[in-house]
Undergrad: 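Take this structure first; my questions come after.
Keep in mind that what you see is a predicted model, and the values were worked out from it rather than measured.
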Amino acid sequence: MRSTAVALVAVLAAPLAAMAQPALSQPAQAQAQAEQSRFDQDRQAILSQAGDFRVRFDMRETVPFQDGYEPLEAKLSGGNEIVRVVYDDGDRISLQHILVMDHEGQTFVIKHWRQDWVYEPETVLTYAGPDRWDLSPVAAAARRGAWSQTVWQTDDSPRYGGVGRWSHDNGMAQWTSDETTRPLARRDAVRDPVYDRYVGSNRHVLTPFGWAHLQDNVKLGQAQGDAAGLVAYVQEDVVNTYRRWDGFDPAAGDAYWAATSEYWAAVRGFWDAAIAAGDGVSVEEEASNGAVTGPTLMGLANQIEDGEITTEAAIAEARRTIAEATGAVI
């Protein structure tokens, strides 16, 4: 009799359990849908940075922190720049910047910086100080819902990396990095300053006309006199604006990229191999070129475009150049 009652209860309870189960999963489903929506918004914001732009770079030292230090004159520049998608693998996106400059009837093309985005990264390449970059782990809590942005020099040698989150509140899409350490940009390095690195945060913000890259930098260097360690010398505010513009012909930049993209893909692979081999990478910085590899790697790309060297020969020379500069077996 008891077994019959238990069986009857089980039969009656089964439909109730079946009906209750979907209700229990609804919060999880809603959370998953919200995360997917945010992910899609983030991706669209990153991809919105591609296109043809009139750019303006505005760098200003504002507040000195050391007695006797005088902020340098503002550094203002600009030009035409195309930004092209190198790859889009869903949770990994790469954007290549290329300057297209017209001067006295001639068009000059200069491969500029590259930005790589990774969703919920396990590691990020960070600047550790002069001539050294480390592959740093990202804690599980810090990477959930976050994107890393790794920035590379003109020759695809490393520059800096950071982790942050996109927000889409108040009608504004913006990504804000954690505090990152970065090597000096050429604009400062060639001026032989007392500081040797930046520490600060980056923001990428979409605008009605394109997007903007905002930096809040503190410039650090070795203390002078009997003091030891790093000290802050000056605050710098950077506002780099990218305004969509069809007032120039991007064809020269696209032609350069078409001619050299296979070569640059190989170069990226060599840098990745060197970084993986050393859990980071050491390469000598050079004020006017970012890294000592710059003149050779950039020159080889120009030779490919001019038909002076084959892509295969250039790739072989690039491998030797990066291996020698980093000491890595690649």
Side-chain angles (χ1 to χ4, degrees), residues 1-51 83 85-95 114-126 134-151 160-181 199-216 242 244 272 275-276 279:
M1 185 71 173
R2 177 179 175 79
S3 61
T4 302
V6 170
L8 181 60
V9 170
V11 169
L12 293 173
L16 295 175
M19 289 187 293
Q21 187 61 35
L24 293 175
S25 66
Q26 284 179 359
Q29 291 177 351
Q31 181 178 354
Q33 290 172 351
E35 290 178 356
Q36 182 64 47
S37 177
R38 285 195 296 271
F39 174 74
D40 292 340
Q41 284 183 298
D42 294 352
R43 275 181 37 79
Q44 185 55 49
I46 294 169
L47 292 169
S48 292
Q49 295 176 94
V83 183
V85 178
V86 180
Y87 58 78
D88 175 6
D89 297 332
D91 59 358
R92 293 175 177 266
I93 301 172
S94 179
L95 304 176
R114 187 179 101 242
Q115 49 173 320
D116 290 352
W117 297 83
V118 177
Y119 185 63
E120 296 189 342
E122 295 185 359
T123 60
V124 63
L125 191 66
T126 58
D134 289 335
L135 204 56
S136 302
V138 181
R143 66 175 177 260
R144 182 170 178 80
W147 291 79
S148 66
Q149 184 211 40
T150 306
V151 171
Y160 64 85
V163 178
R165 287 176 171 78
W166 284 91
S167 65
H168 305 276
D169 302 323
N170 303 316
M172 181 171 64
Q174 66 174 334
W175 177 85
T176 305
S177 78
D178 56 3
E179 189 171 80
T180 63
T181 302
V199 173
S201 62
N202 293 290
R203 283 196 295 152
H204 284 236
V205 184
L206 301 191
T207 68
F209 55 78
W211 58 283
H213 180 199
L214 312 178
Q215 299 178 38
D216 176 8
Y242 291 74
R244 294 191 182 279
D272 288 346
I275 291 164
D279 204 26

Undergrad: Do Asp116 side-chain atoms and Thr150 backbone N/O form a donor-acceptor pair below 3.5 Å?
TA: no

Undergrad: What is the minimum heavy-atom distance between Val124 and Gly162, and which atoms define it?
TA: CG2-N, 3.8 Å

Undergrad: Would you compute the distance between atom CG of Asp42 and atom NE2 of His168 and round it to the nearest 0.5 angstrom?
TA: 4.0 Å

Undergrad: Give the minimum heavy-atom separation between Ala142 and Val163, together with the two atoms involved.
TA: O-CG1, 4.2 Å

Undergrad: Can you check whether Gly145's main-chain N or O pairs, donor with acceptor, with Glu120's side chain at less than 3.5 Å?
TA: yes

Undergrad: Do the side chains of Asp178 and Thr180 get nearer than 4.5 Å, heavy atoms only?
TA: yes

Undergrad: Roughly how far, to the nearest 0.5 Å, is CZ of Arg38 from OG of Ser167?
TA: 11.5 Å

Undergrad: After noting the C-alpha distance and the side-chain angles of Asp40 and Gln44, does the key distance pass the side chain to side chain donor-acceptor pair (under 3.5 Å) rule?
TA: CA-CA 6 Å; Asp40 292 340; Gln44 185 55 49; over 6 Å; no

Undergrad: Roughly how far, to the nearest 0.5 Å, is CD of Gln49 from CD of Gln115?
TA: 4.5 Å

Undergrad: Take Val86 and Leu95, measure what side-chain contact (heavy atoms from CB on, under 4.5 Å) needs, and give me the verdict at the end.
TA: CA-CA 6 Å; Val86 180; Leu95 304 176; over 6 Å; no

Undergrad: Working to the nearest 0.5 angstrom, can you tell me the gap between Asp88 CG and Trp117 CH2?
TA: 13.5 Å

Undergrad: Distance check, rounded to the nearest 0.5 Å: Leu47 atom CG versus Ile93 atom CD1?
TA: 4.0 Å

Undergrad: If you count the non-hydrogen atoms of other residues, nucleotides and ligands that lie under 6.0 Å from CZ in Arg244, is the total more than 12?
TA: yes

Undergrad: Inspect the surroundings of CD in Glu122 and state if more than 12 heavy atoms from other residues, nucleotides or ligands are less than 6.0 Å away.
TA: no

Undergrad: Does Arg165 reach the main-chain N or O of Arg144 with its side chain, forming a donor-acceptor pair under 3.5 Å?
TA: yes

Undergrad: To the nearest 0.5 angstrom, please state how far the OG atom of Ser136 sits from the CG atom of Leu125.
TA: 7.5 Å

Undergrad: I'd like to know if the side chain of Asp89 and the backbone of Asp91 have a donor-acceptor N/O pair within less than 3.5 Å.
TA: no

Undergrad: Mind checking whether Trp211 and His204 have side chains closer than 4.5 Å, heavy atoms only?
TA: yes

Undergrad: Run the side-chain donor-acceptor check on residues 170-177: report pairs under 3.5 Å with partners two or more places apart or on a different chain.
TA:
unit_1	atom_1	unit_2	atom_2	d
Gln174	OE1	Arg203	NH1	2.8
Trp175	NE1	Trp147	O	3.3
Trp175	NE1	Gly164	O	3.1
Ser177	OG	Asn202	N	2.9

Undergrad: Strictly by modelled atom types, are Glu35 and Gln31 linked by a side-chain donor-acceptor pair under 3.5 Å?
TA: yes

Undergrad: Check the pair Arg92 / Tyr87 against side-chain contact (heavy atoms from CB on, under 4.5 Å), numbers first and verdict last.
TA: CA-CA 8 Å; Arg92 293 175 177 266; Tyr87 58 78; 4.1 Å; yes

